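Not measured: the values here are computed from a predicted model. All chains are named by letter (A, B, ...) in the order of the sequence lines, taking the proteins before the strands, and each is independently numbered beginning at 1.
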Number of protein chains: 2
Amino acid sequence: MPDLSTRQLRAFIALADQRSFTKAAAACHLSQPAFSALIRTMEQSLGTRLFDRDTRSVQLSAEGRLFETSARQLLGDFCLAISDLGDHVERRKGRVHVAALPSLAAGWLPAIFAEFRKTWPGIDLNLSDLLSDPCIDLVRSNKADFALAATGTSQAGLDVQLLCSDRFFLVCRKDHPLASEKALTLKKLVPYPFIHMSRNSSVRQALDAALRPLQTNTFLEVDQLATVTGMVEAGLGISVVPALTLFHFERKALVTRSLPIPNLTRKIYVVRRQEGSLSVAAKALHDLIVLRMKG
Amino acid sequence: MPDLSTRQLRAFIALADQRSFTKAAAACHLSQPAFSALIRTMEQSLGTRLFDRDTRSVQLSAEGRLFETSARQLLGDFCLAISDLGDHVERRKGRVHVAALPSLAAGWLPAIFAEFRKTWPGIDLNLSDLLSDPCIDLVRSNKADFALAATGTSQAGLDVQLLCSDRFFLVCRKDHPLASEKALTLKKLVPYPFIHMSRNSSVRQALDAALRPLQTNTFLEVDQLATVTGMVEAGLGISVVPALTLFHFERKALVTRSLPIPNLTRKIYVVRRQEGSLSVAAKALHDLIVLRMKG
DNA sequence: CACACTTACGATATTCGTAAGGATT
DNA sequence: AATCCTTACGAATATCGTAAGTGTG
């Protein structure tokens, strides 16, 4: 099977169009003899004359005419494929699939996504707002490019990098005693009824790990942060949630108070597959996320 | 727009399949470093890394995966186009359009076509069995590859070569006086009623030119040779026709007799366009026709 | 240390442009 | 003589294979 290059195709088509070696050579930025040799080489490798030529006229031979259709089609497809690849490399096209904890998806990610989308309007986005484990599963099965999740144990085959430490805040009604408490401590929280996220949430797990010795009055567990908001606002109890989720609690009736315990944090990691680099688009979003978090 | 060769596509696909530079290099009959350089060059010209590789594993990058689909499609199309061209060059495919006088089409061409078709079963044939002028028009308008016709005047832009001189024969019933005439001459034919082809036929024109001084008793003109056969067989008259048409007159009731006038001939020419070579298939048929005529 | 990809490097092959050649108008 | 394609040829470039280098399990 003979070798053939796009340059040869271009030269062939140029000559078919111009019907002149001199003009076609100029169009290909080649000296005329070099162009002539190129066509000759092509004819040899295809095993047939493609042009009937003498000093007075140049035109496609029967076989050349037959090949012309294919050549135009092939070169067109080639250009399409190459420019499509170029679009992806230049970030004019693409798709990034991010898996992220729901606690990040509602409050923190939207601004990042908006900025990303503004910078790279051609790149589409997928966001799987799931708990840590399904997030990581998506990464492992290569369905998501990377995940923003909380994972203590380092996973085999996955690259896990700390994105940030998310400090916990007290959330309660303005008329709650703790809202005006001068010196907040964990111990002062314990007596009050707590509204918690369910045990499989990263928020809850980080909290449990940090509060290990203390026993809280957990009278209600829910699955969604928004539900916590509603419950706290209704005066059913208090809650302790990470800073990145405070978006949910920006309400007139509520206050959020920093807790003076430095290592009471939930750690957020960027998780991606060890093997295989990120796509250009995914790397762009990844880098933006890291930049906006660190910066 | 970057250059790209089928060799590079093959290498890319081989590496995508084998996921090993060593194996893919072997598959491409290249040393491993040369293969490595080939992939590197390709990545540079496309402006993106196509494979994620370290000493332990080789796999497509996101951009490589994107390009893989196109690459396989492109290489497939390439092979198709090249092998299709090859089929035509090797005469496994093709089509030849011949224009030929009806007087040749029925009797003389069938054996040639049969032999040609047996030798090159993949090549389809078109035969336009028309009078000289429409035959030549087909050649000039590039609808026919060449024509077998009678043309005195050399036509501008056309290449005209003598194929054969077709001697005329007397055709009459066995019971006709001329059938047993010892020494045939033209003059002895004159008194008898003639059945002629119409004046726009090449047979008639050649005959008229050759018989110029003599006046024949032309009481019937027809358009088809087969009609001449029927008329002569019915005893309506005699006719004089070229040797290559005698096929029509091989019948029990008829005799065909050579006329002892050497230059009483109709000349058959091969007519083709001056510019532009014949297709491989057309040349094959052309050469066979010339060979069978001369040989 | 064994395996697999990369780098280094001299040798070979290809491709280039300039200049001369040949054919046609 | 002018035009256009081909041939000739030395120079620049690209590609090849061998051998050494590097990094990982």
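- For the pair B:L38 CG and C:dT6 C1', the computed distance is 15 Å after rounding to whole Å.
- For A:T22, counting side-chain heavy atoms from C-beta on, the closest listed nucleotide (D:dT6, D:dT18, D:dC4) is D:dC4.
- When distances are taken from the side chain of A:P33 to each of D:dA19, D:dC5, D:dA8, the shortest belongs to D:dA8.
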Trace of the side chain to side chain contact (heavy atoms under 4.5 Å, CB included) decision for B:W120 with B:L288:
CA-CA 12 Å; B:W120 310 114; B:L288 179 65; over 6 Å; no
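- Using a cut-off of 4.0 Å between Lys/Arg side-chain N and Asp/Glu carboxylate O, B:E275 and A:R19 are scored as not salt-bridged.
- A tilted orientation is assigned to the rings of B:F51 and B:F12, their planes being inclined by 30° to 60°.
- Salt bridge status for B:R117 with B:D124: present, with a side-chain N to carboxylate O gap under 4.0 Å.
- Remark: P of C:dG17 and NE2 of A:H29 are 12 Å apart, rounded to the nearest angstrom.
- Rounding to whole angstrom units, CZ of residue A:R40 and P of D:dT6 are separated by 7 Å.
- One finds a salt bridge joining A:K283 and A:D287 here, because a Lys/Arg side-chain nitrogen approaches an Asp/Glu carboxylate oxygen to under 4.0 Å.
- The bend of the helix from C:dC1-D:dG25 to C:dT25-D:dA1, defined by the angle between the axes of its first five and last five pairs, stands at 20° to the nearest 10°.
- Side-chain contact between A:R292 and A:E115: present, with at least one pair of heavy atoms (C-beta onward) separated by less than 4.5 Å.
- Atom CZ in A:R53 sits about 15 Å away from atom P in C:dT24, given to the nearest Å.
- Taking atom CG on A:D52 and atom C1' on D:dC4, their separation rounds to 16 Å, with Å as the unit.
- The closest side-chain donor-acceptor pair between B:R266 and B:S202 falls under 3.5 angstrom.
- The existence of a salt bridge linking B:D17 and B:R72 is confirmed by a sub-4.0 Å separation between a basic side-chain nitrogen and an acidic carboxylate oxygen.
- Between the side chains of B:D166 and B:T265, no donor-acceptor pair is found at a separation under 3.5 Å.
- The separation between A:Q32 atom CD and C:dA19 atom P is 15 Å, rounded to whole Å.
- Using a 4.0 Å heavy-atom criterion, one finds that B:T41 contacts no nucleic acid atom at all.
- Atom CZ in B:F35 sits roughly 17 Å away from atom P in D:dT18 (whole-Å rounding).
- Taking a 4.0 Å limit (strictly below) on heavy-atom distances, residues 5-13 of chain A does not reach DNA chain D anywhere.
- The separation between B:M42 atom CE and D:dT15 atom P is 13 Å, rounded to whole Å.
- With A:L148 as the fixed residue, the side-chain contact (heavy atoms from CB on, under 4.5 Å) test singles out one of A:L244, A:L109, A:V271: A:L109.
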Please list each protein N or O that sits under 3.5 Å from an N or O in nucleotides 22-25 of chain D, with the distance.
residue	atom	partner	partner atom	Å
D:dT24	O4'	B:T55	OG1	3.1

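- B:H88 and B:S279 share no donor-acceptor pair across their side chains, judged by distance under 3.5 Å alone.
- Of the side-chain N and O atoms in B:S36, none sit less than 4.0 angstrom from OP1 or OP2 of C:dC5.
- The pair B:R95-B:D145 does not meet the salt-bridge criterion, since no charged nitrogen lies less than 4.0 angstrom from a carboxylate oxygen.
- Nucleic acid contact for B:L30: sugar-phosphate only, since backbone atoms but no base atoms lie under 4.0 Å from a heavy atom of the residue.
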